[in-house]
Amino acid sequence: VRIRRPPLVSSRFSVWAPQPELRRDAAGTDDQVSVPPSLWSLCLYTLAFAAAGCTGALDDNAAGAFGSPTGRLGGDAGTGRGDGALPGALCGEATTHALEVPMRRLTPVEYRAALVSMFGDGVPDVSDLYPAPAAGYGYTTYADAHRVGELQAEALLDAAERIAEHVAPTLPDCATTPLGGCARTVLEPLITRAFRRPAEPADVDRLVAIADGAVADGLPPNEAIAVAIIALLQEPRFLYVVESRAEIPEWTLDAHERAQRLALTFWGDLPDALLLERAASGTLDTPAGMIAETARVTGDPRARETFQRFVREWLGLSTLPTSHEPALAAALDAELTRLIDDAWSAPDGLDLLLRADTGYADSVLETFYELPAVSSGPGDFRRVSMPGLRVGLVTHPLVLAATSHGDRSSPILRGKLIRTRFLCTALGSPPAGAIAAEPSLPDTATARERYEARIANGTCASCHVYLDPIGFGLERFDGLGRLRTEIDGLPVDEVGELLEAGDATGTFVGPEELGDVLAGSEDVTRCFTRQLMRYAIGRDDGRDTMCMESDLAGAFLASDRSMPALFRALGESPAFVERTGDAP
Amino acid sequence: VRLSRRQLLAGAGGALALPFLESMTPRHARAGTMPVRLVVIETGEGTLLSRWRPPTLAGDALELSELLQPLAPVRDRINVISGVANLLPRYHHSNGHNAPGHTLLTAHLCETSANADGTLIADDAARTDVAQGSLCVGPSIDHFIADRLGAGIPLNLAVNGPYPHENRMFYRVAPNVSSAPLGARAEARLIADPIEAFDELFVGAVSEPTTLRSRLRSQRRRVVDSSLEAYRAIAPRVSAADRARLEAHGDRLADLAARLGGSTASRCADPTRPDGYALPGRADLVFRAQIDVLVQALTCGVSRVASIQDTSYDSPSFTHLVAPLDPSLSALGALPLPGGALTDWHAQIHGDSGGTPSDNPNLIAGFTYYASQVSYLLQRMNEVVEPDGRTLLENSVVLWISEFGSGASHSTTNLPVVLAGSAGGRLVTGRHLERTGATTGDLYTSIARLLGVEIDSFGLAIDTDLQHGGIPGIA
């Protein structure tokens, strides 16, 4: 794939020498300008718009240097930590890579995996009780999405009680009074498992005391130990990913924290026996040990499942849209899984995600896509090429439906998806009174007419010029992802535009040209790695994340955009184990 | 059992056979004045103002509008107040929903526009977007009044799930800052399951054999106390930002522990446990079950302040309004939908699905349904005769409000406000009060006074148009 270099923004950046392995000239011809890769990640593709609205441009941001705008343009990207100062050094070996990773609660997937790991496959599914991450944050891993109110605190109790109900009959009827050693034997390995590190005596004592108290209240010993397990499942070291230190500005993760980070990041699961063993033996404390273990962990099938979750969340599909009939939605879901798996295995996975015309169809989808009947029935998926109908995952019916209102397509939402998730543009919410400012048009007005009226109005234009024109390029698909040639009697107009979109800037016609532009863009490539970083560390980027971003983008480009290589780069980055308590 | 004349009349005269609860008669009838109770009902997405606003008549006379028709059986027990505005969104950055919803019942700022002490951040550019998860400077009016009355933590019930998303309206008086309650930011807990609410309120009142589950649950206090200890032990060992997260969790555990410490004894002998409401597509039965729980809680003296919120930003489908209507809904004045269940209520509110919202029969049916549920509540409250001879409704103030006037334009002027009940005789009912220029702060000031809490203003008071010392004609 040809990846275009973004334009050089400012000559002041050329004082840094590029890192040799990144000198690779993907386009092969035109680019002899050496610009340090880390600076791309700093400045170029984050189109952070000025604080008064979406009226800024690249130049505004180059002056600010660090991406996210300050103030209220929160949106997808913005906590806005940038203060305009430039780094004194690049991310060499002598430089700190330390970044803040906010302490977060386990995601529902991790919570479920932890319970299975502790109590076996038969453990009841309590995902209806475990408080789901709040909507509106970048990813389900965002620490801020896991706020615990009284309601959530009680739901965590409810969930644990249901687990304890299942576990109680399997626990021993310790005959001794107090329970002492017998309860300790049951609880200590569970605590070690739950905490991802050896249990400390104080923790064991606290939980054994609970069991003793419950026995004193008349509960049978096995039920009393189950009560201690309820308490174990409320403990901060179980529910939260603890790896921070008080009063120390920077530190390196200890071996058990490394094992925890590897397992949670790449598996969504607790460390396995091998990881724990290598944590205990000190292997994980060495760079070589981390590299070897990263290779093992990212080579595990669970890493591919993590990639599945990440890509779905990246595309706004952490929950599936409800526009399709259940049987159809299930078939589309199964197709999507296959497509994401393909991207995991492909030499250039991002190209596949952004512009492949591949589909998979069983008999249900053959009907939906109006393909010739080849499949033997529901569930018998065949790989098909669907030119015109499929141009990367953005044209998958689930993605299209998630960016529509029922069967009516929404160029705004589709444009927003590409802006925020493919181009990493920080967009704020509509300003107060935006709807009131909405021009009044007859019901028969087309989306394009509504857009024209909107941009005639200064309030709306400042943001909508960056959104709707991208979505217009996808107008051949209705809200359910079906092909159409006309909308309300008018022929589909697929001319679209990416305005101020770094090296993807320009007009295009239809999803094919859009896919080509996105797949050929280095800015989009870098944005994708930034998205994975956000998913992995559970927060937006800031000044402290630039070294990790640089590591990820460099390795991803060097690998011709192999997804497993990107995962490995994450685990191998020094920034993966270097921490600060609070971002600068 | 001897029925009072009023109870007999209610049973015989109503077009609808409302369930009559013998058990609701308080065990000890006492002479004297009963406390005034407060109920807040919040239904989402505003209304269709042209069909909601009653006509202007001489002497504040009330003639029910189209969308208020279900309230006909209790017309003489209500006031309709038109023209009330929530002006708080002007100080916030937000999508159309977050600021109006979050500030509705606090009449105050959200943390995104507030300094630590609850004052407004002066620099507009330094204010950030109200997000779904943002907390606001509380408390909400129900928690404020309950706190001033020493009435315990109010009961906050929900119909469409416990996560109100963009409509995070109920805020506690946070215990750690009770000296400065307007600086408090603590979300209230909503209970979505009627049985859960009932079991908590009437713990011990209904005897059942113990199960493994109940034995495990009986140890909750022990579990919570131990967890609290663990959070307190680890908090000093982590960075400042992480400590704040753990402490917030610990604070909620402390709240839980406090709540598990014991509840007010019920005055009723054998309250009726809600049952049979969990039918697919019957959100109306959940609403009604929550009303039944609420009315019993007020009647039996275990709650003095209670609320029900029915705001589903994720689009209620109103499956229960698909024709033919259940007779109990028809009897309450609900209307059937013209077609099938709705797929996108929110889009219809905004007219995105075509047509003018005010002429959309789906919206008319939806908003009429909300009125029918309020009517059920008021009729139930009016059936309960209290020891002082007044009905529960007469001894209460019931506020029905929404976060918008017109949901279509996200407008927070002209909120639809119904104020029912006589506040123990302090409030004259049966009127349409047109009070253009009045604010939510004024409304809540008047309501607090009806409950006996003397205040001059409620909520933010930095601009002259925010507070006028109450609403004329109420209190």
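Here the structure is a predicted model, which means the values were calculated and not measured. Reminder, nothing fancy here: chain letters follow the sequence lines and each chain counts from 1.
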J.: Name the region of B/Pro236, side chain, backbone, both or neither, that has any atom closer than 4.5 Å to a heavy atom of chain A.
T.: backbone
J.: Report which part of A/Ala168 has an atom under 4.5 Å of a heavy atom belonging to chain B: side chain, backbone, both, or neither.
T.: side chain
J.: Pick one of side chain, backbone, both or neither for A/Leu219, based on which atoms fall under 4.5 Å of a heavy atom in chain B.
T.: side chain
J.: Select one option (side chain, backbone, both, neither) describing which atoms of A/Glu243 are under 4.5 Å from chain B's heavy atoms.
T.: neither
J.: Among A/Ala228, A/Ala214, A/Gly218, which residue forms the greatest number of heavy-atom pairs with chain B at distances under 4.5 Å?
T.: A/Ala214
J.: Can you tell me which portion of A/Ile248 sits under 4.5 Å from chain B's heavy atoms? Options are side chain, backbone, both or neither.
T.: neither
J.: Taking every heavy-atom pair that is under 4.5 Å apart, which of A/Asp158, A/Val242, A/Leu207, A/Leu239 has the most such pairs with chain B?
T.: A/Asp158
J.: Which region of A/Leu232, side chain (C-beta onward) or backbone (N, CA, C, O), has a non-hydrogen atom less than 4.5 Å from a non-hydrogen atom of chain B, or is it both or neither?
T.: neither
J.: Heavy-atom distances under 4.5 Å only: say whether B/Arg243 touches chain A with side chain, backbone, both or neither.
T.: side chain
J.: Could you list all the ring-ring contact (aromatic ring centres under 6.0 Å, His included) pairs where at least one residue sits in residues 213-249 of chain B, not counting sequence neighbours?
T.: A/Tyr240-B/His249, B/Tyr231-B/His249
J.: Would you please indicate yes or no on a ring centroid separation below 6.0 angstrom for B/His97 and B/His102?
T.: no
J.: Under the salt bridge (charged side-chain N to carboxylate O under 4.0 Å, His left out) test, which residues partner A/Arg206, sequence neighbours left out?
T.: A/Asp203, A/Glu235
J.: Given 3.5 Å as the limit, does a donor-acceptor pair link the side chain of B/Asp129 with the main chain of B/Ala131, or not?
T.: no
J.: Ignoring hydrogens and geometry, is there a side-chain-to-backbone donor-acceptor pair from A/Gln234 to A/Leu156 under 3.5 Å?
T.: yes
J.: Do B/Gln309 and B/Asn156 have side-chain N/O donor and acceptor atoms under 3.5 Å apart?
T.: no
J.: Picking from B/Thr356, B/Ile234, B/Asp123, which has the most non-hydrogen pairs under 4.5 angstrom with chain A?
T.: B/Ile234
J.: Can you confirm if the aromatic rings of B/His410 and B/Phe404 lie within a centre distance of less than 6.0 Å?
T.: yes
